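Following: one structure in structure tokens, then a few remarks.
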Amino acid sequence: MKIFRRDFRLQDVTVMYFTALATLMIILVASYQAPGTAVEVSSLQSDQVLPPLPMPFRVLLDPSGELQLAWNISYATQEVYMELRVAKVRHGVVLGMSDRGELVNADLVVLWDTGARSYFGDAWSDSAGRVSLDTQQDYNLIRAEQREDGFCLLFKRSFATCDPRDYLIEEGTVHFIYGFLDKPLVSLELLNLSRIQTGLQRVPGNDLLVLYPDAAPKHAKNHIVMYEPVITRGNEAIVHHIEVFECAPEVHEVPDYSGSCEDKMKPRKLNSCRHVLAAWAMGAEPFYYPPDAGLPIGGPEASRFLRLEVHYHNPLIISGRRDSSGIRLHYTPSLRRYDAGIMELGLVYTPIMAALPKDGIFVFASQLHTHLAGRAVRTVVIRGGREVEVLSQDPHYSAHYQMIRSLRKMVHVLPGDVLITKCTYNTEDRTKPTVGGFGIMDEMCVDYIHYYPRTQLELCKTHVDPAFLQKYFNFINRFHGDDYCVCGDVGVTEQYQQLKWDEFTAEVLDSLYDTAPISMHCNQSSAKLFPGDWEKQPLPVVTSVLEKPHYPCEARAPPTSAP
């Protein structure tokens, strides 16, 4: 039948027009309000299988404490279970993961409402922060319910999903981003992360130091077997991390002090209180020593003094808070078979063959450390000139999250082995050279390894030979036509800053680091140099490189303790 017949009435045309318009509106509304790949929260069935384990890991995401994330890991199924508690939902919430905590190119899970219904879905953000629902839904919503303390979402995801828009959950730090939706969304595609209230969980904070005299057991030797955080209730979102140090045994008295760690009036004697006993950071759970080892504390040869550092993050400038947070040490007089120790590895190459027992040591935990420019840290074991094992690594390292990570597999280090700690930095946003040092804008490259049986080797750190470095400064200055070299008149930092930086200057420096001898500082627990000729050592020749294994995406190596 032709549409435009002569006997076709105007009323019929009007009816057909409005019918077609209504049909179009229904299609559009359905496409906006009920995305085919998202889950309507109200229609979720409650008889799904819940995770077999409790949620042992949890962290407050935002400073006000409105968002709490808890999680657990199933190595059998290579999945991570997450529970997100929202104190006040409003119109939705965004949780995401990205390489450095960026809002762009992020892997997201979103809860949003359209004004009539609520939806849960796997999404992603593009390079401009615009959000789209992912065609492959890899976040499986298990349960959504209102509780007394807020609205809770329980969901899971595989470590590796084969979706290029999804974040690969692997060993190392994960940067969580979050956001709150303050108005309904007819379509998720209308969301842009740059236009809503967002935040990042890991950020820097201030610090406070308190010295506790006579804190350690005075007489009998004990073993620390576990320690756990004790956070003042209500301050969970502002206590960033805590460290406990033991003073040197020869320090028989220290001045009372309570104040900022960076205060110029801090007594210099406190610098001898740097032997790490315990450390905690936001998101970390109690730390347990292996059954056959404990960290020694107390006894006639031990110090009587401990130093406590508490670092705070208070971006909302909340006032009137009092805090008594700390770390509870669990110790026992029933000594275990081995004394555990902490060894500090740093910079380029760290041979330890002259200080290990004949049967070697067993490394069971690691704490990686750099300052703000650090992007990745990796420690490997070299044996016979070949890389044989990755001791620890974090390809998404953040200087604001430096917890001690228990190794999933204990690493056996033998006499003659070499440990190499490699740090990757990004200083593209800086205009001056970055040098090593204690300042936050200086850099470090350190791995604190926890091991047993304990040896007298406290640290082994390296740097390029100073004499060769001075030859470099002299050569570059003369190459650029400077008749007078200030090499011996100012410090190394000033010499770096006074160089004329160009491609040639950088290439020669890179060659220097590859070929010059290295100076080593291997100290005993007493802070004295370890016996032996440690000053100048040639670089070890590594004939093969242990590459990061390439697994099928559905079976990649799982994380250790954090998603």
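These numbers come from a predicted model, not from an experiment.
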Tell me, with the steps shown, if Val435 and Val492 meet side chain to side chain contact (heavy atoms under 4.5 Å, CB included). CA-CA 9 Å; Val435 298; Val492 173; 5.6 Å; no
Centroid separation under 6.0 Å, is that true for the rings of Phe364 and Tyr289? yes
Just checking Phe287 against His450, ring centres under 6.0 Å apart? yes
Note, Phe159 side chain near Glu79 side chain (heavy atom, < 4.5 Å): no
Taking NZ, NE, NH1 and NH2 as the nitrogens, is one of them in Asp339 or Lys221 under 4.0 Å from a carboxylate oxygen of the other? yes
Which pair of non-hydrogen atoms, one from Arg85 and one from Asp149, has the smallest distance, and what is that distance? NH1-O, 3.0 Å
Are a donor atom and an acceptor atom from the side chains of Thr379 and Asp447 found within less than 3.5 Å of each other? yes
Using a strict cut-off of less than 4.0 Å between a Lys/Arg side-chain nitrogen and an Asp/Glu carboxylate oxygen, indicate whether Lys409 and Glu389 qualify as a salt bridge. yes
Note, Tyr425 side chain near Glu443 side chain (heavy atom, < 4.5 Å): yes
If we count only N and O atoms by modelled type, under 3.5 Å, do the side chains of His369 and Glu344 hold a donor and an acceptor together? no
Any salt bridge between Arg383 and Asp417, counting N to O under 4.0 Å? yes
Has the side chain of Thr427 got a donor or acceptor atom that lies under 3.5 Å from a matching backbone atom of Arg430? no
Rounded to the nearest 0.5 Å, what's the gap from CG on Asp107 to OH on Tyr167? Could you check? 9.5 Å
Under 6.0 Å from the six-membered ring centre of Tyr397 and within 45° of its axis: does the NZ or CZ of Arg375 meet both? no
Judged by atom type as modelled, is there a donor-acceptor pair below 3.5 Å linking the side chain of His371 to the main-chain atoms of Asp442? yes
Cation-pi between Arg408 and Tyr75: NZ/CZ under 6.0 Å from ring centre and within 45° of the ring axis? yes
So, does Arg336 use its side chain to make a donor-acceptor pair with the main chain of Pro290 at under 3.5 Å? yes
